[in-house]
Number of protein chains: 2
Amino acid sequence: MNKQDQNKPIPKATAKRIPLYFRYLRTLQESGVIRIKSKEFSQMIQVPSATIRRDFSHFGELGRSGYGYDVPYLIEVFSEILSTQVEKRIALVGVGNLGKALLKNNFRRNENLTIMCAFDSDPEVIGTCINCVEIKNIHDFSEVAKKEGITAVITTVPSKHAQQAIDTIVASGITAILNFAPDRVKVPEHVNIQYIDLTTELQTLIYFDEHVSQVNKLGLAKKA
Amino acid sequence: MNKQDQNKPIPKATAKRIPLYFRYLRTLQESGVIRIKSKEFSQMIQVPSATIRRDFSHFGELGRSGYGYDVPYLIEVFSEILSTQVEKRIALVGVGNLGKALLKNNFRRNENLTIMCAFDSDPEVIGTCINCVEIKNIHDFSEVAKKEGITAVITTVPSKHAQQAIDTIVASGITAILNFAPDRVKVPEHVNIQYIDLTTELQTLIYFDEHVSQVNKLGLAKKA
DNA sequence: TACATTTTATTAGTTTTTTCACAAATAGAT
DNA sequence: ATCTATTTGTGAAAAAACTAATAAAATGTA
């Protein structure tokens with residue numbers, strides 16, 4: 001039994017890094033690496049080694065002094081944490097340009113996440129298939145989602161219709177939504193909604209580039 | 001002259017919210033709203049009112065007690081901060097499924113950000129056009145980027161080739177990169193690189209949904 | 001086996017971010 | 001012109017996240 005079961009909740013900042021850790025552990029495993037030290041791992045993923053050790057420590061004493069961490073064991077632990085042995089069945093709502101692209105990729109390199117079904121309201125696309133996924137009518141969302149055992153939903157609906165689409169999704173009992181429409185929508189408190197907004201990301205990046213890190217540009221950066 | 005010029009740097013957390021603030025101020029303006037109180041705005045964008053006031057305060061005394069904030073004035077200020085009057089000319093590298101989708105959208109609703117040119121290494125796509133943007137050979141990146149006055153680059157290259165593509169970009173003097181390939185790449189310190197990884201985002205979301213917010217699910221959530 | 005080296009896990013300390021709560025300022029009513 | 005109700009801006013407190021530094025533990029070498 002690891003610490004998490006008995007103790008304090010995992011810090012949000014830590015939780016956000018877990019998928020990154022897991023991805024790189026898998027990469028290491030594929031390269032046949034059996035053991036990894038926090039400092040080496042730090043170089044790889046560009047997260048300070050102290051942060052890595054602190055993060056890992058929330059899940060128990062995973063490493064051994066003077067040795068480092070055993071990669072297969074770490075993978076076992078993080079796999080459990082992310083419950084990767086359970087297939088996550090995803091639905092996609094909104095089959096526009098972006099939706100189509102996500103369908104075509106369908107988490108290619110990841111055997112744990114799969115877009116099972118897609119929805120739209122446009123009669124033109126309903127009934128067609130993309131990458132072997134049939135586009136269904138959004139009106140049938142609840143029914144199909146239940147039948148397919150959907151865990152989480154990605155919405156790539158235009159802002160204008162996002163609230164309506166998300167109401168439908170929430171009504172079906174789904175509690176995890178990844179929303180590409182930048183406008184904030186109203187959801188009940190128990191629903192977890194995450195926003196991905198390209199424009200905002202890019203504006204933030206440019207803002208940092210222009211203001212926040214001028215110091216770096218002048219060559220006054222402190223050491224890595 | 002506002003505070004930012006004279007005083008302390010803007011906190012990172014604040015900087016990240018600026019584009020969100022700006023977007024919603026524009027929405028308000030379009031609806032003809034002239035004044036907004038931090039509490040109302042808070043409801044809209046789902047950021048605590050105290051955070052909003054604190055954030056705004058970094059740029060001077062923008063509001064008036066007992067009144068709130070003047071929307072046109074706020075827009076003026078944030079427009080200046082984000083330098084939205086200057087067109088940001090973006091390049092896109094990697095014209096796969098996702099790259100194509102971004103090209104087709106091309107920040108439709110935003111008059112400040114424009115994808116000016118796109119690059120790939122596949123002879124099949126080089127020379128073709130998507131949404132009036134011609135796909136150029138990545139080998140000509142530096143030359144074209146200079147001619148086009150590119151400020152920032154979006155990379156939608158497969159992980160395997162991301163490092164190479166980004167080396168090319170960095171070599172041309174670009175310092176702001178938004179990278180959709182999830183693997184960490186090495187860049188000089190003065191380069192600002194931001195990662196967007198759908199898989200990670202979704203895994204994080206699901207992790208939170210399964211672990212972190214069980215409390216909410218049990219109906220024990222604290223008040224909004 | 002003993003010992004010098006390595007590396008974790010953790011304690012303590014620092015910085016950053018968020019939140020509280022209220023004086024001061026202003027609005028708008030009378 | 002006065003008064004009451006609002007709402008800001010900000011000190012101060014609290015919470016969260018990060019970093020430093022080190023004792024303890026384990027490694028691996030002689």
Side-chain angles (χ1 to χ4, degrees), chain A residues 2-4 6-18 20-21 25 33-71 73-74 77 204 208 212-213 215 221-224, chain B residues 2-4 6-18 20-21 25 28 33-71 73-74 77 204 208 212-213 215 222-224:
Chain A
N2 63 35
K3 280 196 176 178
Q4 209 232 310
Q6 315 156 320
N7 295 3
K8 295 293 167 63
I10 304 304
K12 276 195 172 196
T14 298
K16 284 188 190 160
R17 282 186 291 263
I18 296 172
L20 180 71
Y21 293 148
L25 290 169
V33 177
I34 289 296
R35 78 188 242 194
I36 187 81
K37 292 170 251 180
S38 61
K39 265 198 183 159
E40 294 167 351
F41 203 45
S42 166
Q43 288 234 314
M44 252 185 134
I45 62 177
Q46 293 163 35
V47 170
S49 62
T51 303
I52 293 172
R53 289 198 301 280
R54 162 85 56 223
D55 282 348
F56 284 10
S57 77
H58 290 109
F59 302 101
E61 306 196 357
L62 307 184
R64 284 143 66 197
S65 303
Y67 176 92
Y69 299 87
D70 184 71
V71 173
Y73 177 60
L74 278 186
V77 171
T204 302
F208 271 92
V212 182
S213 46
V215 187
K222 54 189 178 197
K223 70 176 194 301
Chain B
N2 63 37
K3 280 197 176 178
Q4 208 232 313
Q6 316 156 318
N7 296 2
K8 294 293 166 64
I10 304 304
K12 276 194 173 197
T14 298
K16 284 186 190 160
R17 282 186 290 263
I18 298 173
L20 180 71
Y21 293 148
L25 290 168
L28 283 171
V33 177
I34 289 297
R35 80 189 239 194
I36 186 80
K37 291 170 251 181
S38 63
K39 265 197 183 161
E40 294 167 351
F41 203 45
S42 167
Q43 289 234 315
M44 251 188 134
I45 62 176
Q46 293 161 34
V47 170
S49 60
T51 303
I52 293 171
R53 289 199 301 281
R54 168 79 63 206
D55 282 348
F56 284 10
S57 77
H58 291 110
F59 302 101
E61 307 198 356
L62 307 184
R64 283 143 68 197
S65 303
Y67 176 91
Y69 298 87
D70 184 71
V71 173
Y73 177 59
L74 279 185
V77 171
T204 302
F208 272 91
V212 182
S213 47
V215 187
K222 52 189 179 196
K223 68 175 196 300

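Lettering follows sequence order; numbering is per chain, from 1.
Taking side-chain N and O atoms only, B:Arg17 has a distance below 4.0 Å to OP1 or OP2 of C:dT18. For B:Arg64 and C:dA27, the shortest distance from a side-chain N or O to OP1 or OP2 is below 4.0 Å. Close to D:dT19, at under 4.0 Å from its OP1 or OP2, lies a side-chain N or O of A:Thr51. Between B:Tyr69 and D:dG9 there is a side-chain polar atom (N or O) within less than 4.0 angstrom of OP1 or OP2.
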Residues 41-51 of chain A, side-chain donor-acceptor partners within the protein, below 3.5 Å, at least two apart:
residue	atom	partner	partner atom	Å
A:Ser42	OG	A:Val47	O	2.7
A:Gln46	NE2	B:Val185	O	3.1

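Take B:Arg17 and apply the salt bridge (Lys or Arg N to Asp or Glu O under 4.0 Å) test, not counting sequence neighbours, and it matches B:Asp55. Every residue meeting the salt bridge (Lys or Arg N to Asp or Glu O under 4.0 Å) condition with B:Lys37, not counting sequence neighbours, appears here in chain and number order: B:Glu40. Every residue meeting the ring pair (Phe, Tyr, Trp, His ring centres under 6.0 Å) condition with B:Phe56, not counting sequence neighbours, appears here in chain and number order: B:Tyr21, B:Tyr69, B:Phe78. Applying the side-chain hydrogen bond (donor to acceptor under 3.5 Å, both in side chains) criterion to A:Arg54, with sequence neighbours excluded, gives no partner residue. In terms of the side-chain hydrogen bond (donor to acceptor under 3.5 Å, both in side chains) criterion, residue partners of B:Ser38 (sequence neighbours excluded) are, by chain and number, B:Arg53. B:Pro11 is linked by a side-chain contact (heavy atoms from CB on, under 4.5 Å) to B:Thr14, B:His58, counting only residues two or more places apart in sequence or in another chain. Qualifying side-chain contact (heavy atoms from CB on, under 4.5 Å) partners for B:Ser65, counting only residues two or more places apart in sequence or in other chains: none.
Residues B:Lys16 and A:Phe208 share a closest heavy-atom pair of CG-CE1, 4.2 Å. Scanning all heavy atoms of the two residues, the minimum distance from A:Ile34 to A:Tyr67 falls at CG2-OH, 4.5 Å.
A heavy-atom distance below 4.0 Å to DNA chain C is reached by these residues of residues 35-44 of chain A, ordered by number: A:Lys37, A:Ser38.
Distance check: B:Ile18 CD1 to B:Leu25 CG gives 11.5 Å after rounding to the nearest 0.5 Å. Rounded to the nearest 0.5 Å, atoms CD1 (A:Ile36) and CG (A:Asp70) are 11.5 Å apart.
A donor and an acceptor atom sit less than 3.5 Å apart, one in the side chain of B:Arg54 and one in the base of C:dT19.
As a whole-Å value, the separation of B:Lys16 NZ from C:dT17 C1' is 11 Å. Computed from coordinates, the A:Lys12 NZ to C:dT17 C1' distance equals 13 Å when rounded to whole Å. In this structure, A:Glu61 atom CD and D:dA23 atom P are separated by 18 Å, rounded to whole Å. Separating the CZ atom of A:Phe56 from the P atom of C:dA9 is a distance of 9 Å, rounded to the nearest angstrom. Nucleotide D:dT7 holds its C1' atom 13 Å from the CD1 atom of B:Ile52, rounded to whole Å. Distance CZ (B:Arg53) to P (C:dC20): 11 Å, rounded to an integer number of Å. Rounding to whole angstrom units, CG of residue B:Leu74 and C1' of D:dT7 are separated by 14 Å. As rounded to whole Å, 14 Å separates atom P of D:dT8 from atom CG of B:Asp55.
If A:Tyr67 and A:Ala13 are placed on DNA chain D by their nearest nucleotide, the residue sitting closer to the 5' end is A:Ala13.
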Under the 3.5 Å Watson-Crick or G-U criterion, the dot-bracket string of DNA chain C, with | for inter-strand pairs
||||||||||||||||||||||||||||||
Under 3.5 Å, which protein N or O atoms sit close to an N or O of nucleotides 23-25 of chain C? Give each pair with its distance.
none

